[in-house]
Amino acid sequence: MKMKTATGDVGDGAQQPLKDIPRLAGVYSHNRTLVVLVSMLTCCLVSALIAGLSIGAARAYGTGHPGPGVVLVVADAVVCLGWLWLVLSKRLNQWMSGVSDWLYRGDGMVVATPASPPARSAKVVAWVFALLVCATPWLTQQWRVPDWCLQPIAALYAVPFMTWLWWVQQRHQSPLMLLWPVLYAAHAVALLAGVPLLRSIDPMMQVMLPMAAYSAVAVIASHLHGRWALRRLRALAQTPAAGDDGDETS
Amino acid sequence: MSDPDPVVHQPTRLRIMMLLAGVAEADFTFLLNTLGLTRGNLSAQSAKLEEAGYVEVSKGFVGRVPRTTYKLTAKGRAALEGYWQAMDGIRAGG
């Protein structure tokens with residue numbers, strides 16, 4: 001049965017596509033992920049700056065130039081403290097929110113329905129993960145593990161952690177975000193199978209570079225999923241009914 | 001069998017509410033671009049929804065740029081759910 005109004009009908013054939021609108025709006029809002037790339041790049045730049053200042057300070061002391069060494073140590077401390085302040089205060093989140101609004105300014109602003117509150121175990125799991133990240137280089141050195149094994153060892157805890165993170169906190173996002181742990185695991189399997197991936201670079205970079213690269217792939221795939229959802233959403237949400245010309249007031 | 005809520009039943013207002021049902025909130029630009037409406041039409045229809053208590057409208061600024069955001073209220077969600085139940089009932093009875 002069709003219900004008619006002066007400006008169009010909302011009948012049987014029109015109902016199911018309309019019922020897809022909230023789902024597609026949710027998919028789009030949860031996949032505005034370009035800001036994740038920006039935050040990753042920012043973290044990489046800050047990490048590189050901190051590492052560069054540390055290395056510079058070590059070299060300055062090592063070559064008998066304590067003066068510049070002190071300057072570099074102080075600069076390093078300032079950058080570390082400044083970054084810590086940004087992370088712990090709300091300013092970084094505010095900045096990221098502004099960046100996201102700018103990146104998606106053509107679409108307009110939308111706030112996704114919040115994901116479920118993190119489980120109580122989330123903090124414990126996060127701390128365990130952080131400890132494993134810090135302990136891996138030391139443990140592999142103690143156990144005399146070859147450098148190329150660092151990435152597969154990191155994958156043992158990083159892949160379950162990232163999968164768990166998506167499931168518990170971010171499963172409202174596109175399943176394409178799971179490309180990150182899938183590709184990271186595939187990279188580990190390839191290394192174990194003897195494929196010489198990235199073996200000529202620094203051992204820590206063998207761990208970090210795939211982490212960054214595959215998360216970028218997942219973020220871009222998720223973003224593209226969001227664009228698809230927005231295109232589909234606009235097709236469903238834009239009524240062709242007559243009378244929607246600015247003067248409709250019924 | 002209850003009749004569909006006439007506030008919800010209008011096609012443009014229905015689409016506004018369906019869009020807001022999928023997100024926590026959205027601004028005027030997002031509704032305008034996604035729904036393909038004119039500014040006047042969106043303003044008029046959203047005013048009716050706000051008058052009915054189905055949508056909460058907030059006006060603020062981002063820097064110096066004004067921003068109007070829309071959020072579906074609990075009453076609006078209930079009205080939308082009731083609307084679809086009424087429509088399903090009509091379809092089942094028709």
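Reminder, nothing fancy here: chain letters follow the sequence lines and each chain counts from 1. Computed over heavy atoms, backbone and side chain alike; hydrogens, waters and symmetry mates excluded.
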Sort B:Arg67 into side chain, backbone, both or neither according to what part of it lies under 4.5 angstrom from a heavy atom of chain A.
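B:Arg67 touches chain A through side-chain heavy atoms alone.
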
Which region of B:Ser43, side chain (C-beta onward) or backbone (N, CA, C, O), has a non-hydrogen atom less than 4.5 Å from a non-hydrogen atom of chain A, or is it both or neither?
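Neither the backbone nor the side chain of B:Ser43 comes within 4.5 Å of chain A.
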
Once the angle between the rings of A:Phe129 and A:Phe161 is folded into 0 to 90°, is it parallel (under 30°), tilted (30 to 60°) or perpendicular (over 60°)?
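Parallel: the ring planes of A:Phe129 and A:Phe161 meet at under 30°.
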
Report which part of A:Leu230 has an atom under 4.5 Å of a heavy atom belonging to chain B: side chain, backbone, both, or neither.
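A:Leu230 touches chain B through side-chain heavy atoms alone.
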
Counting only heavy atoms closer than 4.5 Å, note whether A:Tyr104 contacts chain B via side chain, backbone, both or neither.
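No part of it gets close to chain B.
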
Between A:Tyr28 and B:Phe30, ring centroids under 6.0 Å:
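Ring centroids of A:Tyr28 and B:Phe30 are less than 6.0 Å from each other.
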
For the interface with chain A, which of B:Ala21, B:Ala26, B:Gly22 has the highest count of heavy-atom pairs at distances below 4.5 Å?
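Top count of heavy-atom pairs under 4.5 Å with chain A: B:Gly22.
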
Please determine, among B:Asn33, B:Thr29, B:Leu31, the option with the most heavy-atom pairs under 4.5 Å with chain A.
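Going by pairs under 4.5 Å, I would pick B:Asn33.
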
Between A:His187 and A:Tyr214, does a side chain to side chain contact (heavy atoms under 4.5 Å, CB included) hold up when you go through it step by step?
CA-CA 10 Å; A:His187 187 106; A:Tyr214 297 142; 2.8 Å; yes

Side-chain (A:Ser54) to main-chain (A:Ile50) donor-acceptor, under 3.5 angstrom:
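Flag set: sc A:Ser54 to bb A:Ile50 pair under 3.5 Å.
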
When you look at A:Leu24 and A:Trp228, which way does the side chain to side chain contact (heavy atoms under 4.5 Å, CB included) test go after all the steps?
CA-CA 9 Å; A:Leu24 288 169; A:Trp228 168 85; 4.0 Å; yes

